[in-house]
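Scroll down for the structure; my scribbles are underneath it.
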Number of protein chains: 2
Amino acid sequence: MIQETRRTLASHTPVYFAGDRATDLVRVERGVVMVFNLFEDGRRQIVDFVTAGELLHFQFDGELDHYAEAITEVELVSAPSDAALSDPVWAEYIFQQMRGRLDRDRRHVTLLAQKSAAERLAEFLIIVSDRLSTPIGDIELPMTRQEIADYTGLTIETVSRLFSRWMRERRLVVTGKRTYRIEGALAA
Amino acid sequence: MIQETRRTLASHTPVYFAGDRATDLVRVERGVVMVFNLFEDGRRQIVDFVTAGELLHFQFDGELDHYAEAITEVELVSAPSDAALSDPVWAEYIFQQMRGRLDRDRRHVTLLAQKSAAERLAEFLIIVSDRLSTPIGDIELPMTRQEIADYTGLTIETVSRLFSRWMRERRLVVTGKRTYRIEGALAA
DNA sequence: CGCTGCCTTGATGCTGATCAAAATTAGTGG
DNA sequence: CCACTAATTTTGATCAGCATCAAGGCAGCG
């Protein structure tokens, strides 16, 4: 039997830091956690937004090489890595989660390699729509403009300008506090 | 006992295509294979350069979603995925390989998010140096300028100009047919 | 020796970063 | 509920860096 511990964290609370010992695997039960790296020059690269049912990292021992921080209120479940690895159900789950992360990373690489800022941001919205949003078509954006910028490799000003333009052109419509809907083709 | 099949491919030969059925896992024994995606507009995004001891993909069933092509003469070993997955030694190896790919993808994301072309290309050379090169300090570049461009998200002209500049400034020195050595700081 | 593919170099223009400031939103306490 | 402050977002003006278009050079191979 795996000993799982559960905890709830408020929005914008660190989950762990780079350099922390990786003793436990962490699953997000509710909410969204961002995984990121920090650089000497102060830049922050957001690597992934992790949501319900997904594992935060795949470091089974040694030190963590990245940061994790809640961007909404989150509920987390931790389990000791060594125990999880030897449990067949957990092992299968870990396997599947690693494949999911590989797919998301590939998509992220593709996003970042896009030539224009509009293409990158459009792809970002599609990704978020696929992963974090309601099936009705609304896009939930729990993250700030700065966080979007740090994921897409753009500046906050460029992100803001594109949102403004798309909303002016009615390609993107506000449907709630943090929700939007795509009405037309964005990339243009 | 896992039934492994071995084959040798010439430089610039396709290993598999997107859409192919993923029945086998493929390990590179010798040489370098590039893994990439193609887009409607003709762009090619190179996702990884896979070298000796590494697995090409982690798709255990269904259709492959990317292409693989030898960029040097390569020796490959294939094994049926289902058999490999149930073999404990292979399972452990697959696990470790997935973690390696995750790390490389993260590094690739970091590279692509770099602001300047010089920073991207410098990071690329460091990565290649770490992964494909001799321990003496020489950097082996088995790939073409176009392939470097398609990995770093730059154009071939920009890549060429940076190489020229660095060589003019003696930061980078040619030590062989396809080998270079870094003499100073590149990023500048 | 000439052809083909790859690489280099040059000139120009556009896109998005940067700097700066205004506008809006969120947060706090009375 | 409102006033006040802080944080976030938006908008504007300017400019550098890289993509693009266009030639020319060079190596490999018949």
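None of these values were measured; they are calculated from a predicted model. Here is the naming used below: chain letters follow the sequence lines, and residue numbers restart at 1 for every chain.
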Pick out the pairs of N or O atoms, protein on one side and nucleotides 26-30 of chain D on the other, that lie under 3.5 Å.
residue	atom	partner	partner atom	Å
dG28(D)	OP1	Lys177(B)	NZ	2.9

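- A donor-acceptor distance shorter than 3.5 angstrom exists from the side chain of Asp41(A) to the backbone of Arg43(A), with no hydrogens or angles considered.
- In this structure, CG of Leu121(A) is placed 11 Å from P of dT10(D), rounded to the nearest angstrom.
- Distance, Arg145(A) CZ to dT24(C) C1': 12 Å, rounded to whole Å.
- One can place CD of Gln146(B) at 12 Å from P of dA19(D), the figure rounded to the nearest angstrom.
- The distance between atom NZ of Lys115(B) and atom P of dA16(D), rounded to the nearest whole Å, is 18 Å.
- Spacing between atom CZ of Arg43(A) and atom C1' of dA17(C) amounts to 13 Å, rounded to whole angstrom units.
- Counting heavy atoms from C-beta on, the side chains of Phe60(B) and Asp82(B) never come closer than 4.5 Å.
- One finds a side-chain N or O of Ser164(A) lying less than 4.0 angstrom from the OP1 or OP2 phosphate oxygen of dT11(D).
- Only Gly153(B), Leu154(B), Thr155(B), Glu157(B), Thr158(B), Arg161(B), listed by number, bring a heavy atom of residues 147-163 of chain B to less than 4.0 angstrom from any atom of DNA chain D.
- Using a 4.0 Å cut-off between charged nitrogen and carboxylate oxygen, Glu75(B) and Arg7(B) do not count as a salt-bridge pair.
- Annotation: side chain of Val173(B) is not in contact with side chain of Tyr180(B) (no heavy-atom distance under 4.5 Å).
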- request: Would you sort out whether Arg131(B) and Glu54(B) count as a side-chain contact (heavy atoms from CB on, under 4.5 Å), showing the intermediate values?
  value: CA-CA 11 Å; Arg131(B) 285 176 39 67; Glu54(B) 296 172 344; 2.9 Å; yes

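- Rounded to whole Å, atom P of dT9(D) lies 15 Å from atom CG of Leu172(A).
- Note on ring orientation: taking the six-membered ring where Trp is involved, the planes of Phe49(A) and Phe124(A) are perpendicular (angle over 60°, cut-offs 30° and 60°).
- For the pair Met167(A) CE and dT10(D) P, the computed distance is 8 Å after rounding to whole Å.
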task: For the pair Gln97(B) and Tyr93(B), evaluate side-chain contact (heavy atoms from CB on, under 4.5 Å) and give the outcome as yes or no after the intermediate values.
output: CA-CA 6 Å; Gln97(B) 281 297 307; Tyr93(B) 167 65; 3.5 Å; yes

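- A 4.5 Å side-chain heavy-atom check between Met143(B) and Met34(B) finds every atom pair outside the cut-off.
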Name the atoms and distances for all side-chain donor-acceptor pairs under 3.5 Å in residues 16-23 of chain B, with sequence neighbours left out.
residue	atom	partner	partner atom	Å
Tyr16(B)	OH	His66(B)	NE2	2.8
Asp20(B)	OD2	Phe17(B)	N	2.9

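- As rounded to whole Å, 13 Å separates atom C1' of dA17(C) from atom CD of Glu119(B).
- Distance from the side chain of Ser116(A) is smallest for dG16(C) among the nucleotides dG16(C), dC18(D), dT8(C).
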